[in-house]
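For reference, the structure discussed in these notes is given below.
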Amino acid sequence: MEVNADRLADVLVRLNRVQGQVGGIIRMIEEGRDCSEVVTQLAAASRALDRAGFKIIATGMRQCMIEDDGGERRLNEAELERLFLSLA
C-alpha cells in the first residue's frame, strides 16, 4: 500500500516530535531521572506513535478502497481490518 505523502504531512510532524521525545527519554535514562518521569514520557511517546499509526491507516483505508486501473480494490476489507487491528 502506497500512501500519498502530501496527505500525511501532519503525521511527519508528529513523528519528528516523537523522535525528539525518544531522544529526551534516552537522556533521562542516562541521567538517572526518576522512573515515574521516564514512564510518563514513554507513555506520551507511545500515544503519539499510536495516533500517527491510526492516521496512516485511516488515510490508507480511504486510498486503498479506491479501485485501481483494473477495476479492483487495492486491498480488500479483511486486509484493511488486519492493518487497523495491528495497532490495537
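Values below: every heavy atom of this structure, side chains too, minus hydrogens, waters and symmetry copies. Because the structure is predicted, anything quoted here is derived from the model rather than measured.
Summarising the geometry, atom CD1 belonging to I56 is positioned 10.0 Å from atom CZ belonging to R14; distances are rounded to the nearest 0.5 Å. For the atom pair CG (L49) and CZ (R17), the distance works out to 12.0 Å, reported to the nearest 0.5 Å. Atom-to-atom distance recorded for M28:CE and E37:CD is 5.0 Å, nearest 0.5 angstrom. Going from atom CD of Q21 over to atom CG of L15 covers 10.5 Å, rounded to the nearest 0.5 Å. Going from atom CG of D10 over to atom NZ of K55 covers 4.5 Å, rounded to the nearest 0.5 Å.
Surrounding CD of Q19 are at most 12 heavy atoms belonging to other residues, nucleotides or ligands under 6.0 Å away.
No donor-acceptor distance shorter than 3.5 angstrom exists from the side chain of S46 to the backbone of L42, with no hydrogens or angles considered.
By the criterion of side-chain heavy atoms lying less than 4.5 angstrom apart, applied directly or through intervening Ile, Leu, Val, Met, Phe, Trp or Tyr residues, V18 is grouped together with I26 in one hydrophobic cluster.
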